[in-house]
Amino acid sequence: MKPSLPQGTRDFSPIETTRRNYIFDTIKAVFKTFGYQSIETPAMENLSTLTGKYGEEGDRLIFKILNSGDFTKKIREENTDLSLPNKVLPLISEKALRYDLTVPFARYVAMNRDKITFPFKRFQIQPVWRADRPQKGRYREFWQCDADVVGSTSMLNEAELIQIYDRVFTALQLPVVILINNRKILSGLAEVAGAPDFLIDLTVALDKLDKIGIDKVNAEMLEKGIPQKAVEAIQPLMAFKGNTIEKLNFLKSFLGQSTEALQGIAETEAVLAYFNGENAFELNESEIQLDLTLARGLNYYTGTILEVKAKNIEFGSIGGGGRYDNLTGIFGLPNAAGVGISFGADRIYDVLLAQQLFPENAIEGTEILFANFSAIEEKAALPLLDILRQAGISAEIYHESAKLKKQFEYADKKGITFLMIYGEQEITQQIVTVKNLKSGVQVSIPKDKILAFKSYF
RNA sequence: GUGGUCAUAGCUCAGUCGGUUAGAGCGCUAGAUUGUGGUUCUAGAGGUCGUGGGUUCGAUCCCCAUUGUCCACCCCA
């Protein structure tokens, strides 16, 4: 049969794995320095845990797992109308692949509340699956790197998470813009505009302002059924230009009649205050921008919303997050406020590759190859091989006796630097011939000095 | 879910305005070179031209369907 891969999934070669680990290791190290602890959850969750958490669109994109055994049994027993997918689905599928890391985390917190010390700061780096149509920068299996803190309403968390973004992207040498907004401001906007029922449609349309322009945004809002009056009411906001302070002042007067909006503005100011004045959090390569059009689709955000975009390249968002006041409520644990961020490792990979930002020395390979000429010489080399390995040096012996030429080619292709020869002549003289394949220099060293082989070059 | 694109060797792609043995580069195997590679030269293996149907004397090429791919929209990391 012809080998193939499911749509939107990928294999990772040795070099790709090394580069991906570079990203994961960087993120993990920063998470740890901020006091976040690692957890992992299963690849599959109960379907009921996931449905209804991501909106209608999200539910459609959840990968369902077919029940084991006679999965049509219930359909037959209940004589279900097969033309109604919504009726059929729960009868044939009870599990699904996780869609993100936040909902499984909420489930985990609700289930382990007796063991957790709050505020609970956790990070989680695992793959997630979405039944989306793949395209550039979009995969059906991709890795998220999440950090969340649950059990605290302090804006200090937001500030620290922003700093985590900065630390990670600075370490990766990737300058980014961190966009910030607040769901309460958007709610207040919908309220002031007189269209509170259209919050989602309104924010989704507003989110596209940068991309498609004011006219098309207006057209989309009207198309979604948002009243003409409401669309007119928010025009000043879309037209407003100014720096962060000017924007906040504008909002205070423009949305002043909404207490919710004022609260969102205050929260945003509180977050930003951590980055100004005395003892402010320092940002290295990143900058923060208040973006009033930033919406993000997920339904569970209630306060701060964050999104990260790489500078100098058009590539969608490479990270996002926000505050949710009651994510665990549905699992029976009310009032557990939380805030979290996510890194899109796969998109970060694509951006780093496009910008050639991967370090050269990130290649992990074998350092030494022993040549193999015969069964006797092979056996004689094994103790030397072991000495090197025990010293933590990556070494291997050619798997069978073969022509030297062939063994050289093997070393070349694997990028091995040193070839060691311990053949008939060397054995009688108790020496090892070492050749640096990069420089072509070859030396003979005493067998018992093998660990110091580099000092002979 | 909507629209478009493409599908030929292991990989990247030519090509045939429908006609006899479908090509290249890379890769692979072997030799020139039985303990010294990366270069070069030579030879070889490898394809039911995605699948099914139709038109035709004849289809890899034209038409239809189907599956897969990539891209855009929707949405999102």
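The basis for the numbers below is simple: all heavy atoms, side chains too, and nothing from hydrogens, waters or symmetry mates.
Applying the salt bridge (Lys or Arg N to Asp or Glu O under 4.0 Å) rule to pairs touching residues 373-389 of chain A yields nothing, sequence neighbours excluded. Among residues at least two apart or in separate chains, ring pair (Phe, Tyr, Trp, His ring centres under 6.0 Å) pairs with a member in residues 168-187 of chain A are Phe169(A)-Phe343(A).
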Throw together a table of side-chain donor-acceptor distances under 3.5 angstrom for residues 440-457 of chain A, partners on residues two or more places apart or in other chains.
| from | atom 1 | to | atom 2 | distance (Å) |
| --- | --- | --- | --- | --- |
| Lys447(A) | NZ | Gln430(A) | OE1 | 3.4 |
| Lys454(A) | NZ | Glu367(A) | OE2 | 2.7 |
| Ser455(A) | OG | Ala452(A) | O | 2.6 |

Detail all sub-3.5 Å separations between protein N/O atoms and N/O atoms belonging to nucleotides 2-4 of chain B.
| from | atom 1 | to | atom 2 | distance (Å) |
| --- | --- | --- | --- | --- |
| U2(B) | O4 | Arg133(A) | NH1 | 2.6 |

Using a cut-off of under 3.5 Å, enumerate the N/O to N/O pairs linking the protein to nucleotides 33-35 of chain B.
| from | atom 1 | to | atom 2 | distance (Å) |
| --- | --- | --- | --- | --- |
| G35(B) | O6 | Glu424(A) | N | 3.1 |
| G35(B) | O6 | Gln425(A) | N | 3.1 |
| G35(B) | O6 | Glu426(A) | OE1 | 3.4 |
| G35(B) | N1 | Glu426(A) | OE1 | 2.9 |
| G35(B) | N1 | Glu426(A) | OE2 | 3.2 |
| G35(B) | N2 | Glu426(A) | OE2 | 2.6 |

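At a threshold of 4.0 angstrom between heavy atoms, the contacts of Glu57(A) include nucleobase atoms, whether or not backbone atoms are also involved. Residue-level contact check: Ser342(A) touches neither bases nor backbone, having no heavy atom under 4.0 Å from any strand. Base contact: Gln135(A) has a heavy atom under 4.0 Å from a base atom. Using a 4.0 Å heavy-atom distance criterion, Gly58(A) is classed as making no nucleic acid contact. No engagement by Tyr410(A) is indicated, since no non-hydrogen atom pair under 4.0 Å with the nucleic acid exists. Lys208(A) comes within 4.0 angstrom of sugar-phosphate atoms only, judged by non-hydrogen atoms across all strands, and of no base.
When the P atom is compared between A65(B) and C6(B), the two are found 15 Å apart, to the nearest whole Å. Between G15(B) and U55(B), the two C1' atoms lie 23 Å apart (nearest whole Å).
Listed by chain and residue number, Lys405(A) satisfy the salt bridge (Lys or Arg N to Asp or Glu O under 4.0 Å) test with Glu409(A) (two or more places apart in sequence, or in another chain). Every residue two or more places apart in sequence or in another chain was checked for a side chain to side chain donor-acceptor pair (under 3.5 Å) with Tyr274(A), and none qualifies. Applying the salt bridge (Lys or Arg N to Asp or Glu O under 4.0 Å) criterion to Glu94(A), with sequence neighbours excluded, gives Lys74(A). The ring-ring contact (aromatic ring centres under 6.0 Å, His included) test applied to Phe71(A) returns no partner, not counting sequence neighbours. Partners of Lys403(A) according to the side-chain contact (heavy atoms from CB on, under 4.5 Å) rule, which considers only residues two or more places apart in sequence or in another chain, do not exist here. Annotation: side chain to side chain donor-acceptor pair (under 3.5 Å) contacts of Glu141(A) (sequence neighbours excluded): Trp129(A).
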Would you write the dot-bracket representation of RNA chain B, where each base gets (, ), [, ], | or . depending on whether it forms a Watson-Crick or G-U pair under 3.5 Å and with which partner?
((((.((..((((.....[...)))).(((((.......))))).....(((((..]....))))))).))))....
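When all heavy atoms of Ala171(A) and Tyr22(A) are compared, the pair lying nearest together is O-OH, 3.8 Å.
Side-chain atoms of Lys413(A) lie closest to C28(B) of the nucleotides C28(B), G37(B), A77(B). The side chain of Arg60(A) has G1(B) as its nearest neighbour among A77(B), G1(B), C75(B).
Under the stacking definition used here (centres under 5.5 Å, planes under 30°), the residue Phe142(A) qualifies as stacked on the base of A77(B).
Lys216(A) has its NZ atom 15 Å from the C1' atom of C74(B), to the nearest Å. The CG-C1' distance, from Asp412(A) to U39(B), rounds to 12 Å in whole Å.
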